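The structure under discussion appears below in the form of structure tokens.
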There are 2 protein chains.
Amino acid sequence: MALGKDYDYAAQECSIARALEIVGERWTLLVVRDALYGVRRYNDFLVHLKIPRAVLAARLQSLTEAGVLEKRRYQESPPRDEYVPTELGRALWPALRALGLWGRAFNPNARPMRTFHHADCGTELGSYGECRACGRAIDPEDVEMRPGPGLGPAEDPVSRALRAPRRLLQPLENQPQ
Amino acid sequence: MALGKDYDYAAQECSIARALEIVGERWTLLVVRDALYGVRRYNDFLVHLKIPRAVLAARLQSLTEAGVLEKRRYQESPPRDEYVPTELGRALWPALRALGLWGRAFNPNARPMRTFHHADCGTELGSYGECRACGRAIDPEDVEMRPGPGLGPAEDPVSRALRAPRRLLQPLENQPQ
DNA sequence: CAGCTCTGGTTCAGTGAATGAACCTTCCCT
DNA sequence: AGGGAAGGTTCATTCACTGAACCAGAGCTG
């Protein structure tokens with residue numbers, strides 16, 4: 001979503017509008033999604049999202065300023081930073097989950113791309129992010145993501161790494177190719 | 001969100017990206033939000049959202065083509081149409097609810113603008129629109145919206161009408177002023 | 001019947017954001 | 001010395017958003 005630089009719908013007295021001021025721009029929610037999937041590094045976002053470099057830099061910066069991601073130095077020489085979801089970023093999981101569920105409902109005969117399960121018991125999450133077996137909401141740390149039958153072949157290393165069953169927020173291992 | 005005309009992130013194999021193709025543009029989710037609040041008429045959207053006319057026309061058309069809203073003739077002479085959420089549009093309620101709750105979490109010391117309750121029991125809804133007491137998802141038809149302490153004075157008739165406690169999807173009465 | 005209003009648009013010029021390609025810098029490796 | 005990887009910045013072009021103006025059908029008013 002392209003917001004004007006004056007962020008006009010800040011005027012709206014509505015929490016939804018407030019949320020969209022932060023994450024409503026084009027690509028922003030996809031960056032957060034990848035961050036929750038475990039992507040942390042500039043190049044991995046770039047490869048996985050096929051996003052223009054300038055836009056990615058802008059989004060990472062604004063998300064960091066908003067407190068959704070945290071920029072963290074993970075090696076000094078050469079200096080390298082990674083972007084990690086904060087508590088606020090992790091709190092976007094229900095919204096992303098709901099959007100994904102709606103996107104699946106949108107084309108009903110499509111096979112699911114990924115399924116999400118309670119890591120402790122393997123039960124697939126319900127429509128409001130709860131474990132149907134345990135009957136309570138599951139934090140993203142305890143969600144296991146599994147590839148679904150709707151996924152095609154992986155074309156880049158990041159997509160390939162995200163094919164394996166894995167916990168949300170678990171950092172991507174950058175195997176040295 | 002400004003999508004290119006070729007909708008590039010259609011390529012993403014992800015239900016979230018699919019959803020954002022439809023509702024990811026700037027203003028789109030706010031139009032759907034208003035539709036769920038009971039706004040149905042072009043002019044009411046215009047007044048309440050303060051959205052440019054051209055953008056509103058474009059959004060209403062694309063949402064109608066996507067099957068999120070339905071254009072319905074409500075009077076023949078002069079011909080007047082209203083836009084009503086379809087089943088697919090109503091299915092966006094959990095995502096909007098989750099986004100709104102996140103927007104509230106974003107500025108924690110702000111007072112809530114509106115609260116949403118299960119109409120049958122009065123319990124405030126959880127982050128996916130489920131009733132915490134009944135333990136199940138609540139259809140938007142059964143959700144009661146109440147004004148919260150964070151709302152300022154209403155400046156237009158539509159905002160004023162949306163101040164009263166009311167069910168979602170209940171059409172706005174256009175009082176003849 | 002002239003003129004005004006209400007509703008629901010369309011058109012248009014100006015602006016700002018997204019895009020993709022090219023370039024840059026620092027560091028490491030050989 | 002040369003090459004490559006990571007993480008950016010810069011730039012011209014394209015595209016969408018913005019706000020104001022304009023338009024058209026229908027009813028109301030005098």
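Throughout, a chain's letter reflects where its sequence line sits, starting with A, and its residues are numbered from 1. Because the structure is predicted, anything quoted here is derived from the model rather than measured.
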Protein and nucleotides 9-13 of chain C: nitrogen or oxygen contacts under 3.5 angstrom:
from, atom 1, to, atom 2, distance (Å)
C:dG9, OP2, B:Tyr83, OH, 3.0
C:dG9, N7, B:Arg53, NE, 3.0
C:dG9, N7, B:Arg53, NH2, 2.8
C:dG9, O6, B:Arg53, NE, 3.0

Take atom [atom1] of [X] and atom [atom2] of [N], then tell me their distance rounded to the nearest Å.
| X | N | atom1 | atom2 | result |
| --- | --- | --- | --- | --- |
| A:Leu30 | C:dA18 | CG | C1' | 15 Å |
| B:Leu56 | D:dG19 | CG | C1' | 14 Å |
| B:Ile51 | D:dG19 | CD1 | C1' | 13 Å |
| B:Tyr74 | C:dG8 | OH | C1' | 9 Å |
| B:Arg41 | C:dT7 | CZ | P | 7 Å |
| B:Arg59 | C:dG8 | CZ | C1' | 18 Å |
| A:Leu46 | D:dG7 | CG | P | 10 Å |
| A:Lys50 | C:dA18 | NZ | C1' | 18 Å |

With [X], which residues qualify under salt bridge (charged side-chain N to carboxylate O under 4.0 Å, His left out), at least two apart?
| X | result |
| --- | --- |
| B:Asp139 | none |
| B:Arg40 | B:Glu82 |
| A:Arg80 | none |
| A:Arg111 | none |

*Please list, chain by chain and in numerical order, all residues satisfying side chain to side chain contact (heavy atoms under 4.5 Å, CB included) with B:Ala54, sequence neighbours excluded.*
none
*asked:* Among residues at least two apart in sequence or on other chains, which ones pass side chain to side chain contact (heavy atoms under 4.5 Å, CB included) with B:Gln61?
replied: B:Glu65
_Bending between helix ends of the helix from C:dC1-D:dG30 to C:dT30-D:dA1 [5 pairs per end, 10° resolution]_ = 0°
_Cluster overlap B:Leu29 with B:Leu46, hydrophobic side-chain contacts below 4.5 Å_ = yes
*asked:* Membership question, hydrophobic clusters at under 4.5 Å side-chain separation (ILVMFWY): are A:Leu101 and A:Met145 in the same one?
replied: no
_What does the B/S/- profile of nucleotides 24-30 of chain C look like, 5' to 3', with a 4.0 Å heavy-atom cutoff to protein?_
---SS--
*Kindly say if B:Trp27 contacts the phosphate of D:dA16, meaning a side-chain N or O under 4.0 Å from OP1 or OP2.*
no
Identify each donor-acceptor pair in which a side-chain atom of residues 121-135 of chain A lies under 3.5 Å from a protein atom, sequence neighbours left out, and give them as a table.
from, atom 1, to, atom 2, distance (Å)
A:Tyr128, OH, B:Gly135, O, 2.6
A:Glu130, OE1, A:Tyr128, N, 3.2

Check residues 162-171 of chain B and write down every donor-acceptor pair under 3.5 Å in which the side-chain atom is one partner and the other belongs to a residue at least two apart or another chain.
from, atom 1, to, atom 2, distance (Å)
B:Arg163, NH1, B:Ser159, O, 3.4
B:Arg163, NH2, B:Gly152, O, 2.6
B:Arg166, NH1, B:Tyr37, O, 2.6
B:Arg166, NH1, B:Gln170, O, 3.3
B:Arg166, NH2, B:Gln170, O, 3.2
B:Arg167, NH1, B:Glu141, O, 3.3
B:Gln170, OE1, B:Arg167, N, 3.4

*With sequence neighbours excluded, residues passing ring-ring contact (aromatic ring centres under 6.0 Å, His included) with A:Tyr42*: none
*Nearest to the side chain of B:Asn43 - C:dA18, C:dG8, D:dC17?*
C:dG8
